Amino acid sequence: MTRERRLNDFLLAVTKSIFQELVSMDAVMLKIMSHAKKLVNADRASLFLVDSRTKELYARIFDIGREEDDILDSHQSSLGNKELKEIRFPMDKGIAGYVATTGKTLNIGDAYQDNRFNREIDLKTGYKTKTLLCMPIMIQGSVIGVVQMVNKKNGHFTKSDEESFETFAVYCGLALHHASLYDRIRRSEQKYKVALEVLSYHASCSNSEYEKYKSLPLPTNIPNIERFDFSPWDVTNDQKPIYVVYMFLDLANADVSHANRYDFECLMRFILTVRKNYRNVPYHNWSHAFSVAHAIYTVIKQTDHHFSPTQCLALFVACLCHDLDHRGKTNAFMVKSASTLASIYTTSTMERHHFNQTVTILQTENHNIFKHFSSKEYRLVLDDIRQCILATDLVLFFENRTKLNRLLDQQLFDWSNTEHRKSVQSLAMTAADLCAMYKPWAIQENVVSTIMDEFWQEGDEEKRQGIEPLPLMNRSLAHELPKNQVNFINGICIPCYELLSKVLPNSLPMLAGARSNLQKWQELADEQTRNSTTSSSTTTAAVVETTTSTSERASSASSSNSTRYHSFQARCGFRKYKCQNKEENDMLRASKQDPFIVITRPDKDQGVVTMNRTDYKSNGIDSQ
């Protein structure tokens, strides 16, 4: 009687949860786990959902032995602090996998004596599983999840436990189905908002644009375009679409049997519309997309890879589209600012949006460059493009790097293995996305300047929203750029290019270029350190010329380390000077007569304060 009353109470609680409030999938899962373990007096509970697309079981909420309210509180706290990490494994693995594939209930008295038991979770968590009661959750005859009760507190799970659990599982299915529908509706609403926003900003290329480029002759040869040190930033915006067509057709013609399967009108309209769908932001714009597409083109042309012609085109198209509709903000900013995109895509927010924009353009009339592909070929090329675009999320680079390094160290790497090949594709995407890091120093310097413009704009916006920006995004810490670049190239670029050169030895110029630029950034950082150590006073002043002629900038590239340092500091907005004697004070005073001079000084509340001549007077410094 007590068991039946407890079961009825649970069913009533679930029913209230369904019909009295709209709840998220995570909240329903927490309720199910909490009530389930109480129902059968289990120590812990696990709930795995079925991903029918990947044929995997996954869980992102875990019972660590707390009561329901504690679990809810800890879950909400973790959502506020960091993204939860999922556990995923194949549907045919372990006891949960067996139940998911067969739809049968399992009651196991000794988990470690059962060959189906997957010990990996215990090894990861340090928790010892002894007894298990595992049951499928079904809707309309299909398994949508698996509930697993772990370690009966007083003996083994009984037949009565199984019967109660079976009734409970029916209501679990209803609850999860309801929550899933709610999540899908919510996501659809958010996608609709994003679609309206994008449509209001973008449009497909016009007929006049297409006709203009249609009449232009295609070059038969572009000098030096296959060189790693080629500068795509020197190509004008009007020329870029022609260069893209040239590179695309060059890669497409590698497959002689399908040389004519790409329609010129679709290709040109696709390229022009992609160009139009890049926003006018400082760095992640059409020029960046073109430079990354060119970088992957040089990798494909210069190295002895084992990508198929179609896989090469997938890489090229992914590079061209990898930052479509970029707003000039990082994934972290999108999450912290609670943007609509972040509510749709909880991981790799912008990268998933870029891929969806790519698919949207391909689905536009007269834009599908793969229209002559079979259904299977089209699906495969889209899968490759999706994986390649997602790989530009640097968070994923570290995991991929570790996996690929291990394969190479153990001499297990095999080009014919699909997963191994995809790892190289992902690595090549990262290498191409960072292409400015291995270009000649003059190019590197200018591109980094535009990158920082975008970062500082994000930091300014975060300050307006009351969010403390990261040091890299903080305009007040602009003087730390050389040190930051040294850390970035050492931590990401060099490891990336070193690993790529192991798989594709002919890519060594990328590594050599990155090392050369690293040396120059290190020289600037060292010079900055020497300058800062000579200052002993807390009050500093800087005199900076904010205008530099083209000839002066050109000559500075070959000047001494000190000259390069000051040239760099001028572009960042200030150059620090310690006023230690009368001569320097006279120079500071003289600067007030020059309208092109900017004065900066430290402020205890706002960091470095930049003032023009008018600000300088209004702050009461003019009379000093």
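Please read all numbers here as calculations on a predicted model, not as lab measurements.
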Checklist entry - Can Lys93 be said to sit on top of Phe89's aromatic six-ring, NZ or CZ under 6.0 Å from centre and within 45° of the ring axis? => result no
Checklist entry - How about Leu472 and Met452: do any of their side-chain heavy atoms sit closer than 4.5 Å? => result yes
Checklist outcome for this item: So CE of Met149 and CD1 of Ile108: to nearest 0.5 Å the spacing works out to 13.5 Å
Checklist entry - Would you say the ring centroid of Phe455 lies under 6.0 angstrom from that of Tyr283? => result no
Checklist entry - Any donor-acceptor pair under 3.5 Å linking the side chain of His420 with the backbone of Phe413? => result no
Item to check | Full working for side-chain contact (heavy atoms from CB on, under 4.5 Å) between Arg379 and Phe373 | outcome: CA-CA 9 Å; Arg379 186 173 64 253; Phe373 280 33; over 6 Å; no
Checklist entry - With sequence neighbours excluded, what pairs up with Asp414 under the side chain to side chain donor-acceptor pair (under 3.5 Å) test? => result Ser416
Checklist entry - Are Val50 and Ile144 close enough that some pair of their side-chain heavy atoms sits under 4.5 Å apart? => result no
Next on the checklist: So, taking the atom named OG in Ser423 and the one named CZ in Arg406, what distance separates them when rounded to the nearest 0.5 Å?
Outcome noted: 9.5 Å
Next on the checklist: Contact between Leu390 and Met429 at the side-chain level, heavy atoms closer than 4.5 Å - yes or no?
Outcome noted: no
Next on the checklist: Checking the side chain of Asp51 only, and the main-chain atoms of Glu56 only, is there a donor and an acceptor separated by less than 3.5 Å?
Outcome noted: no
Checklist entry - Between Leu518 and Val486, does a side-chain contact (heavy atoms from CB on, under 4.5 Å) hold up when you go through it step by step? => result CA-CA 6 Å; Leu518 172 63; Val486 168; 4.1 Å; yes
Checklist entry - In terms of side-chain heavy atoms, does Asn474 have a donor or acceptor partner in Glu480 at a distance below 3.5 Å? => result no
Checklist entry - Is any side-chain heavy atom of Met437 closer than 4.5 Å to a side-chain heavy atom of Gln485? => result yes
Item to check | Close side-chain approach of Val146 to Met91, heavy-atom, < 4.5 Å | outcome: no
Item to check | Phe157 and Glu162, any side-chain heavy atoms less than 4.5 Å apart | outcome: no
Item to check | Any Val381 side-chain heavy atom under 4.5 Å of Val317 side chain | outcome: no
Item to check | Matching residue for Lys152 among Asn107, Asn41, Asp161 - test: side chain to side chain donor-acceptor pair (under 3.5 Å) | outcome: Asp161
Checklist outcome for this item: Of His284, His354, His288, His353, the one forming a ring-ring contact (aromatic ring centres under 6.0 Å, His included) with His322 is His288
Checklist entry - Does the distance from a Lys or Arg side-chain N to an Asp or Glu carboxylate O, for Arg327 and Asp325, drop under 4.0 Å? => result yes
Checklist entry - With no hydrogens and no angle check, is any side-chain donor or acceptor of Asp323 less than 3.5 Å from a backbone partner on His326? => result no
Checklist entry - For Glu166, does the CD atom have more than 12 heavy-atom neighbours from other residues, nucleotides or ligands under 6.0 Å away? => result no
Checklist entry - Does CG belonging to Asn154 count more than 12 external heavy atoms closer than 6.0 Å? => result yes
Next on the checklist: I need the Ser308 OG to Arg421 CZ distance, nearest 0.5 Å.
Outcome noted: 7.0 Å
Checklist entry - Using a distance-only test with no angle check, is there a side-chain donor-acceptor pair under 3.5 angstrom linking Glu461 and Gln465? => result yes
Next on the checklist: Any heavy-atom pair between the side chains of Thr131 and Asp110 that's under 4.5 Å?
Outcome noted: no
Checklist entry - Does CD belonging to Gln140 count more than 12 external heavy atoms closer than 6.0 Å? => result no
Checklist entry - side-chain contact (heavy atoms from CB on, under 4.5 Å) between Leu362 and Leu382: does it pass, once the steps are laid out? => result CA-CA 10 Å; Leu362 284 170; Leu382 278 189; 3.8 Å; yes
Next on the checklist: Please check: side-chain N/O of Glu458 versus main-chain N/O of Thr330, any donor-acceptor pairing under 3.5 Å?
Outcome noted: yes
Item to check | Sidechain-backbone polar pair: Asn331 side chain, Ser348 backbone, donor-acceptor under 3.5 Å | outcome: no
Next on the checklist: What I want to find out is whether Glu419 reaches Lys422 closely enough, with some N-O distance under 4.0 Å, to be called a salt bridge.
Outcome noted: no
Item to check | OG on Ser374 to CG on Leu380, rounded to 0.5 Å | outcome: 8.0 Å
Item to check | Non-neighbouring partners of Ser426 that pass side-chain contact (heavy atoms from CB on, under 4.5 Å), sequence neighbours left out | outcome: Gln387, Ala391, Asn400
Item to check | Residue pair Tyr98 / Asp114, side-chain donor-acceptor N/O under 3.5 Å | outcome: no
Next on the checklist: Between Asp433 and Phe397, is the side-chain contact (heavy atoms from CB on, under 4.5 Å) condition met? List the steps.
Outcome noted: CA-CA 12 Å; Asp433 197 17; Phe397 161 70; over 6 Å; no
Checklist entry - Between Arg352 (side chain) and Thr347 (backbone), is there a donor-acceptor pair under 3.5 Å? => result yes
Checklist entry - For Thr358 and Arg386, what are the C-alpha separation, side-chain angles and deciding distance, and is it a side-chain hydrogen bond (donor to acceptor under 3.5 Å, both in side chains)? => result CA-CA 9 Å; Thr358 304; Arg386 177 182 180 276; over 6 Å; no
